[in-house]
Trainee: 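Structure in structure tokens, see below.
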There are 2 protein chains.
Amino acid sequence: MATRTRRPERREEPLSRERIVEAAIELLDTAGEGGLTFRALAERLATGPGAIYWHVTGKDELLNAATDAVVADTMSADTTATTPQEAIRTLALGVFDAIDVHPWIGSQISRTPSQSPMLRVFEHLGRQVQALGVPHTAQFTAASALLNYILGVGGQNAANARGVRPGTNRTEFLDAAATAWENLDPDEYAFTRDVADQLRDHDDRTEFLAGIDLVLTGITALHEPTGPAPS
Amino acid sequence: MATRTRRPERREEPLSRERIVEAAIELLDTAGEGGLTFRALAERLATGPGAIYWHVTGKDELLNAATDAVVADTMSADTTATTPQEAIRTLALGVFDAIDVHPWIGSQISRTPSQSPMLRVFEHLGRQVQALGVPHTAQFTAASALLNYILGVGGQNAANARGVRPGTNRTEFLDAAATAWENLDPDEYAFTRDVADQLRDHDDRTEFLAGIDLVLTGITALHEPTGPAPS
DNA sequence: ACCTGAACACCGTTCAAGT
DNA sequence: ACCTGAACACCGTTCAAGT
């Protein structure tokens, strides 16, 4: 169809783990989670499906490697934050934005076998938690809470991206969802109906950061008897 | 193998959506997320795979119905909580325990098409957020933060349950993970190594509740200028 | 109206055979 | 050492045919 201007010598390079992971990421980004297939991947790499297994043990490892590559890239972007709070916001927003670009990460990052990608985020969050002055015994809880909140939002965003056709934009998606909320049963969903307008008007990133600040306020409030600093 | 003492007349009842969902839940609980197959389900229901499609549009709807059935059951357990905080803890713990019994829910509850199961939890959380006296404009954010934290932990627990063979118990699993943390690269994972002992000793439920309390403290601190109430 | 089960179009993974 | 691609053992889903 269209002529390729990038990576002209693609079919000459030998197969490698890196090229495979790179192609997998491209496939996941363009075709979605269901688009990553050993056959499709093999075609993109101009080889047979069996060849991939010489470099990668299976689909699970491939998915994990792809997720790890993106997350590691996000974490390595060093920031010029002035406070630990600011550093945590930047860090969290980095993960949030990475999921926005690669929605499949949102569902994959939790799914990892207790290893790499999630641990990277945990480590970086934890360092800022330490910088915050949280006592040692409370650091694990604080970093976990932040991580779990981020993973929860990520999973949600991945699910939303999966449910929506590429055509629809953010505004009409939110509008449709809000309207659906307003039409719920008044007895069973009184609260949800009541905040439907807040769903319609909200900004994803702002809302995400507001949640981070809630957790951050909780962390500092519990360990500074002088009371929390306002946002 | 073993003789069945329950549901003796199983093969006489006609097929119904309810029986299909019930059988799907049993299959998911016993054989895991990969165990739910239209063929396995059909065998359990003493029919052909095609018959199921007359009652259910496909696997996605079936998974959603199974998740919704379990979540709805959890939410309907009414509590005798004395404070909104206590009600939220009970509510959250209910979801947590449901995921413990049915690990597949943890990954499925986020995956739903913006509908039922997640919305039930959101609604019940939101009512308690209102009871907490959170101003109207902040209710959506507060309920979302709690929900996302719960979903994050749920996804984590589902992933852990998937990665572990049924034989290993909680203690040795945590011990192995903590040891792995202690052997990480000291430069790259300084924080994680530092809190490995807290991973080893922690109790899942206690830790989960501590995270809830962090968010709860943040919510109340931001809206009560007199400062947060200690836990 | 409801069920049956063979058949279709896929998967991930393996493995003999090649270079 | 690395690649090939046919073959195996599965999937979800459809659909003509039955009752």
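In what follows, every heavy atom counts, from backbone to side chain, and hydrogens, waters and symmetry copies are set aside. Chain naming here is simple, since letters A, B, ... match the order of the sequence lines and numbering starts at 1 in each.
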Trainee: Does B:T141 form a side chain to side chain donor-acceptor pair (under 3.5 Å) with A:E207? I'd like the steps, not just the answer.
Mentor: CA-CA 7 Å; B:T141 302; A:E207 198 61 41; 2.4 Å; yes
Trainee: Calculate the interatomic distance between B:L63 atom CG and D:dT13 atom P; express it in whole Å.
Mentor: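 Computing the B:L63:CG to D:dT13:P distance gives 11 Å.
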Trainee: Counting only Watson-Crick or G-U wobble pairs whose two distances fall under 3.5 Å, which nucleotide matches C:dG12?
Mentor: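 The base-pairing partner of C:dG12, which may sit in any strand shown, is D:dC8.
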Trainee: Sort out the partner of D:dC2 for me: Watson-Crick or G-U wobble, both distances under 3.5 Å, none otherwise.
Mentor: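 Its partner is C:dG18.
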Trainee: Measure from CD on A:E61 to P on C:dT13 and round the result to the nearest Å.
Mentor: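 From A:E61 CD to C:dT13 P: 11 Å.
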Trainee: Aromatic rings B:H202 and A:F140: how do their planes relate, parallel, tilted or perpendicular, breaks at 30° and 60°?
Mentor: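 Rings of B:H202 and A:F140: perpendicular, as their planes differ by over 60°.
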Trainee: So B:L62, base contact, sugar-phosphate only, or nothing? Heavy-atom distance under 4.0 Å.
Mentor: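 Contact class for B:L62: none.
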Trainee: Considering every strand and a 4.0 Å limit on heavy-atom distances, what is the contact class for A:L41: base, sugar-phosphate, or nothing?
Mentor: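 A:L41: no heavy atom of the nucleic acid under 4.0 Å.
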Trainee: So which nucleotide from C:dC3, D:dC11, C:dG12 ends up closest to the side chain of A:K59?
Mentor: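 Between C:dC3, D:dC11, C:dG12, the one nearest the side chain of A:K59 would be C:dG12.
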Trainee: Just wondering, are more than 12 heavy atoms of other shown residues or ligands nearer than 6.0 Å to CG in B:D60?
Mentor: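 Count not over threshold, so no.
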Trainee: Anything under 30° is parallel, anything over 60° is perpendicular, the rest tilted; go ahead and classify A:F191 against B:F122.
Mentor: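 Taking B:F122 first and then A:F191, their aromatic rings sit tilted (interplane angle of 30° to 60°).
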Trainee: Is the shortest distance from a Lys or Arg side-chain nitrogen in A:D97 or A:R205 to a carboxylate oxygen in the other one below 4.0 Å?
Mentor: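 Counted as a salt bridge, because a side-chain N and a carboxylate O are separated by less than 4.0 Å.
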Trainee: Given C:dT13, C:dC11, C:dA6, identify the nucleotide with an atom nearest to the side chain of B:P49.
Mentor: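 Within the option list, the nearest is C:dA6.
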Trainee: Between P on C:dC8 and CZ on B:F38, what's the gap in Å once rounded to a whole number?
Mentor: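 So the CZ-P distance, B:F38 to C:dC8, works out to 20 Å.
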Trainee: Take B:L15 and A:Y53, find for each the nucleotide of DNA chain C with the closest heavy atom, and name the residue whose nucleotide sits nearer the 5' end.
Mentor: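 Its nearest nucleotide being more 5', the pick is B:L15.
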Trainee: Could you check how far CD of A:E33 sits from C1' of C:dG12, rounded to whole Å?
Mentor: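 Rounded to whole Å, this separation is 17 Å.
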Trainee: Rounding to a whole Å, what distance do you find between A:I52:CD1 and C:dT14:P?
Mentor: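 Answer to the nearest Å: 13 Å.
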Trainee: Tell me: CZ of A:R17 to P of D:dA1, nearest whole Å?
Mentor: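 Atom-to-atom, A:R17 to D:dA1, this comes out as 19 Å.
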Trainee: On DNA chain D, nearest-nucleotide positions of A:R39 versus A:A51: which is more 5'?
Mentor: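 Whichever sits nearer the 5' end wins; that is A:A51.
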